Enquirer: 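Sharing a structure, written as structure tokens. Questions coming.
Just so it is clear, the model here is predicted, and its values are computed rather than measured. First the proteins, then the strands, lettered A, B, ... as listed; each starts at 1.
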Amino acid sequence: MTSPTPVSRADVFGLSKLLRLQWEEAQGCYVLLYPEGMVKLNGSAGEILRRVDGKQSVDGILGDLRQAFPDAPDMEADVIAMLEAARERGWIERKDG
Amino acid sequence: MADANPKPLWLLAEVTYRCPLHCAFCYNPTDYVRHTKNELGTEEWISALRQARAMGALQLGISGGEPLLRDDIEELVAEARKLGYYSNLITSGVGLTEKRIAEFKRGGLDHIQLSMHDITKEINNFITDTNTFELKKKVAAMIKGHDYPMVLNVVIHRYNIEHVAEILEMAEAIGADYVELANTQYYGWALINRAQLMPTREQLEKAEEATNRFRAKVGNRMKIYFVVPDYYAERPKACMNGWGSVFMIVTADGTVLPCHSARTLPGLEFPNVRGQPLEWIWNESPAFNKYRGDGWMKEPCRSCPEKTKDFGGCRCQAFLLTGEAENADPVCTLSPHRQVVDRAIEEAKTPAVRAQPIVFRNDGNSRKLAEGARDLVPPSIHGLP
């Protein structure tokens with residue numbers, strides 16, 4: 001395995017084509033669906049991943065989140081850590097090269 | 001832990017038991033010919049899909065038999081997508097055409113799981129009793145060509161277990177994203193053919209080592225699941241994650257089951273979507289409540305601290321191998337019946353002495369078994385699988 005470079009604010013990620021992200025009303029959360037499995041996402045992971053669209057940079061996602069949750073404390077470190085964990089699991093992949 | 005208010009998150013639609021392949025390891029009921037007539041119609045399937053989705057079902061497997069023998073899979077797939085299922089077509093590849101796969105893509109089918117059997121034409125054709133080796137390669141290319149995740153399922157048995165490294169290389173070469181190396185589970189036809197199919201412990205260990213070497217090489221590029229054969233484990237599998245806990249099967253004729261082989265259990269009457277709403281079937285029916293929770297357990301399970309992890313294993317395996325479904329799964333080394341599993345392992349060392357000819361899954365054999373032909377079933381098995 002190659003050791004990953006850290007996620008930076010200019011990176012653009014998209015969801016892996018093996019996954020589908022979906023709001024699940026019955027469970028009141030976002031779920032990630034993939035062959036042979038599913039993951040229930042907690043509130044913040046769902047809010048981050050639903051903004052991972054293959055177009056917006058990490059910076060754009062952060063701006064968007066700040067607008068949606070103006071009262072939240074600074075979230076940059078948490079968002080980057082979450083994206084790194086998601087990349088580690090193969091949920092998201094770089095779209096900008 | 002058992003959920004107080006379980007939801008059938010996984011719905012398996014076994015839409016037909018007809019199949020062009022005759023695999024010796026098939027888990028389908030050996031008397032499947034009884035269920036090939038009277039299949040549910042398209043509208044009945046759509047109603048079942050709607051009901052299950054309203055109850056929280058999310059993952060949908062469309063399986064069989066060979067589901068592509070039905071000509072309404074396109075319609076079911078499109079309906080499943082509209083309802084918000086994540087859907088998976090589980091196929092041998094026979095009957096998949098460019099036209100059909102394009103229609104599946106349009107309808108929103110999420111992935112296709114293709115069965116492969118070996119790197120050699122000989123073993124592929126032998127174990128399936130068909131000439132399908134070249135076809136499977138073509139279908140794999142078609143799946144890739146339509147930008148589907150490539151999910152390969154390879155059932156592992158004595159005839160291909162020594163080829164695991166080469167099978168994984170083949171999977172990598174055709175661009176697989178997921179590979180499931182599914183060691184045969186001994187139900188249905190596989191149980192009848194157990195003495196022919198079961199690998200030795202040494203073969204199994206080598207296969208696991210080869211798999212781990214390959215994992216280290218490919219990393220995240222290809223996910224490999226190695227389903228351990230439970231006979232060689234010390235504790236039973238958490239079968240279905242517990243009876244009536246997350247899993248529900250609607251079968252070809254509308255009978256609803258908590259697991260693939262539940263029909264083998266004596267004294268249970270399984271409800272049918274033609275007669276009752278799925279909600280009642282899941283929540284209220286005696287069959288779905290029979291082994292829910294742990295109230296049914298006997299010793300050693302009842303007082304076992306691990307009962308919340310493995311739920312006492314598999315009720316069907318307990319019945320087929322010990323004669324009583326409430327017994328601990330005999331795979332468990334704490335089971336007083338573990339010797340029946342050890343004997344099967346012992347017999348795997350001398351297959352030439354023990355094995356009878358393979359009983360392939362076909363209509364003729366199924367008819368004989370449905371009529372109770374015990375001579376095709378090894379004497380140590382309680383009841384027909």
Enquirer: Answer yes or no: is there an ion pair linking A/E93 with B/R221, defined by an N-O contact shorter than 4.0 Å?
Expert: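 No, A/E93 and B/R221 are not salt-bridged.
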
Enquirer: Between B/N220 and A/R89, is any pair of side-chain heavy atoms under 4.5 Å apart?
Expert: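 No - every pair of side-chain heavy atoms lies 4.5 Å or more apart.
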
Enquirer: Could you list which of residues 27-36 of chain A have a heavy atom closer than 4.5 Å to any heavy atom of chain B, in residue-number order?
Expert: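 Those residues of residues 27-36 of chain A which have a heavy atom under 4.5 Å from chain B are A/Q27, A/V31, A/L33, A/Y34, A/P35, A/E36.
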
Enquirer: Does atom NZ (B/K105) have a neighbourhood of more than 12 heavy atoms from anything else shown, all under 6.0 Å?
Expert: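 Yes.
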
Enquirer: If the condition is ring-ring contact (aromatic ring centres under 6.0 Å, His included), which residues does B/Y178 pass it with, not counting sequence neighbours?
Expert: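 Once residues adjacent in sequence are excluded, B/Y178 has no partner under the ring-ring contact (aromatic ring centres under 6.0 Å, His included) criterion.
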
Enquirer: NZ/B/K223 to CG/A/L18 distance, rounded to the nearest 0.5 angstrom?
Expert: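 Going from NZ on B/K223 over to CG on A/L18, the span is 7.0 Å.
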
Enquirer: Taking the side chain as every heavy atom from C-beta outward, state whether A/Q22 and B/Y86 have any pair of such atoms under 4.5 Å apart.
Expert: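 Counting from C-beta outward, A/Q22 and B/Y86 never come under 4.5 Å.
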
Enquirer: Taking NZ in A/K17 as the centre, count heavy atoms belonging to other residues, nucleotides or ligands within less than 6.0 Å. Is the count above 12?
Expert: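 It does: A/K17 NZ has more than 12 such atoms within range.
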
Enquirer: Verify the neighbour count for atom CD of A/E76: are there more than 12 heavy atoms of other residues, nucleotides or ligands below 6.0 Å?
Expert: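 Enclosed: over 12 neighbouring heavy atoms sit under 6.0 Å from CD of A/E76.
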
Enquirer: Could you measure the distance from the NZ atom of A/K40 to the CG atom of B/L58? Nearest 0.5 Å is fine.
Expert: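 Here the rounded value is 10.0 Å.
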
Enquirer: Of all of B/R81, B/E180, B/M55, which one pairs up most often with chain A through heavy atoms under 4.5 Å apart?
Expert: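 Option with the greatest count: B/R81.
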
